[in-house]
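Since the structure comes first, as structure tokens, the remarks are kept for the end.
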Amino acid sequence: MSPRPTWLHTRSTELRAALLDLGLTITDTEARTILDDKLTEYATMMRVTRQTAQRDFTDERLLTFAQSLAVSLSDEAPGADLIEFERAISMPVAAVGLTTAALAEALKVAHINLDDKEAVAGLSLLSTLGMITADSNVFLVPTPRPLLLRIARYLDGAAASITDGANLPDGLDDTHRLQFADILAQDADGIRALANTDDGDTPTLWRTPNPR
């Protein structure tokens with residue numbers, strides 16, 4: 001007898017279907033992570049249990065959430081060739097280094113948890129960032145904004161996965177779980193802030209590489 005589908009499994013499937021109707025696709029892992037975070041946020045804000053939050057998440061609310069999420073994801077230019085996309089964000093070389101390192105750590109999470117889809121998605125982002133960096137010969141690397149937003153969301157997903165109990169990469173023990181997830185989340189926030197830097201502003205690093 002097959003186990004009864006969980007609320008998160010059922011709703012994430014419905015969320016993916018709603019987004020597909022709006023012309024956007026996300027992976028199963030991304031849908032579950034996004035919904036789980038939304039449920040936690042709602043339960044905390046309303047001071048209710050997760051079970052109550054689940055009951056409050058009606059079909060109408062799911063559709064509204066999918067529509068708002070589609071607007072947000074559209075900033076990532078789904079389906080666009082990012083190599084050819086306008087490179088509107090000036091990224092310091094040090095920021096490229098931090099981003100590359102963060103992606104590599106998130107890829108370790110996908111690898112150790114045997115998540116081939118997430119690994120392929122991460123490798124694609126890493127490859128694109130590398131190719132764009134190779135085109136530059138200056139201190140500031142012109143970078144497409146949607147690429148940075150995609151990378152930030154990828155890191156958020158890895159951080160949430162680790163927080164929820166996913167296997168840790170080799171060399172890390174459970175005492176460092178929350179610290180590892182926090183660093184990935186900080187990198188995601190920093191990259192997202194860099195992507196939203198106004199024209200003309202001097203980009204800054206969100207944390208110091210190799211602090212001593």
Side-chain angles (χ1 to χ4, degrees), residues 8 12 15 26-50 53 65 69 72-73 75-76 89 91-126 128-130 143 145-197 201 203-212:
L8 193 59
S12 63
L15 176 63
I26 60 176
T27 66
D28 290 333
T29 300
E30 288 171 336
R32 287 195 296 270
T33 298
I34 290 170
L35 269 181
D36 192 49
D37 288 347
K38 187 67 177 178
L39 196 68
T40 299
E41 176 187 330
Y42 178 84
T44 301
M45 181 177 64
M46 301 302 294
R47 297 182 179 179
V48 297
T49 65
R50 285 179 66 87
F65 178 56
L69 185 60
S72 174
L73 291 178
D75 286 343
E76 298 182 14
I89 304 299
M91 233 181 148
V93 171
V96 175
L98 279 177
T99 302
T100 301
L103 265 176
E105 293 300 320
L107 276 163
K108 289 180 185 179
V109 176
H111 172 71
I112 199 68
N113 288 280
L114 304 178
D115 193 333
D116 291 340
K117 287 185 178 180
E118 286 299 304
V120 169
L123 287 169
S124 178
L125 293 171
L126 189 61
T128 302
L129 180 61
T143 309
R145 180 173 180 267
L147 174 62
L148 298 182
L149 295 176
R150 293 185 194 184
I151 291 173
R153 179 162 59 85
Y154 187 83
L155 297 182
D156 277 335
S161 177
I162 288 298
T163 300
D164 291 342
N167 295 324
L168 290 169
D170 292 341
L172 279 180
D173 58 49
D174 213 61
T175 59
H176 295 97
R177 175 179 296 277
L178 294 182
Q179 181 186 15
F180 181 49
D182 185 56
I183 290 173
L184 287 173
Q186 286 179 33
D187 285 336
D189 289 343
I191 292 167
R192 192 175 293 108
L194 181 61
N196 292 317
T197 299
D201 287 353
T204 57
L205 287 179
W206 54 94
R207 64 184 175 89
T208 303
N210 300 320
R212 293 179 174 83

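In this text, all values refer to a predicted model and were calculated from it rather than measured experimentally.
- The main-chain N or O of E118 is found under 3.5 Å from a side-chain atom of Y154 such that the two form a donor-acceptor pair.
- A 4.5 Å side-chain heavy-atom check between R192 and L148 finds every atom pair outside the cut-off.
- Judged purely by atom type and a 3.5 angstrom limit, R177 uses its side chain to pair as donor or acceptor with the backbone of A166.
- Within the model, atoms CD of E41 and CG of L39 stand 10.0 Å from one another, a figure rounded to the nearest 0.5 Å.
- Panel note: side chain N113, backbone D115; no donor-acceptor pair is recorded below 3.5 Å.
- One distance of note links CG of L168 with CD1 of I162; it measures 4.5 Å at 0.5 Å rounding.
- Between L147 atom CG and M91 atom CE the span is 8.0 Å, to the nearest 0.5 Å.
- Not a single donor-acceptor pair under 3.5 Å links the side chain of S161 to the backbone N or O of G157.
- The line from CG of D182 to OG1 of T163 is 8.5 Å long, rounded to the nearest 0.5 Å.
- With sequence neighbours excluded, the residues that form a side-chain contact (heavy atoms from CB on, under 4.5 Å) with I112 are N167, D170.
- With respect to I151, the side-chain contact (heavy atoms from CB on, under 4.5 Å) criterion is satisfied by exactly one of D156, L126, L125, T143: L125.
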Under 3.5 Å, which donor-acceptor pairs link side chains of residues 100-111 to any protein atom two or more places apart or in another chain?
residue: T100; atom: OG1; partner: V96; partner atom: O; Å: 2.8
residue: E105; atom: OE2; partner: K108; partner atom: NZ; Å: 3.1

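- When all heavy atoms of A31 and L15 are compared, the closest pair comes out as O-CD2, 4.2 Å.
- No donor-acceptor pair under 3.5 Å is formed between the side chain of S124 and the backbone N or O of V120.
- Atom CD1 of I191 and atom CD of Q186 lie 11.5 Å apart (nearest 0.5 Å).
- Under the side chain to side chain donor-acceptor pair (under 3.5 Å) criterion, D164 pairs with no residue at all, not counting sequence neighbours.
- Distance CD/Q179 to CG/L172: 8.5 Å, rounded to 0.5 Å.
- Closest non-hydrogen pair, A95 versus W206, comes out as O-CH2, 3.8 Å.
- Paired with L155 under the rule side-chain contact (heavy atoms from CB on, under 4.5 Å), one option of D189, I183, T99, D187 passes, and it is D187.
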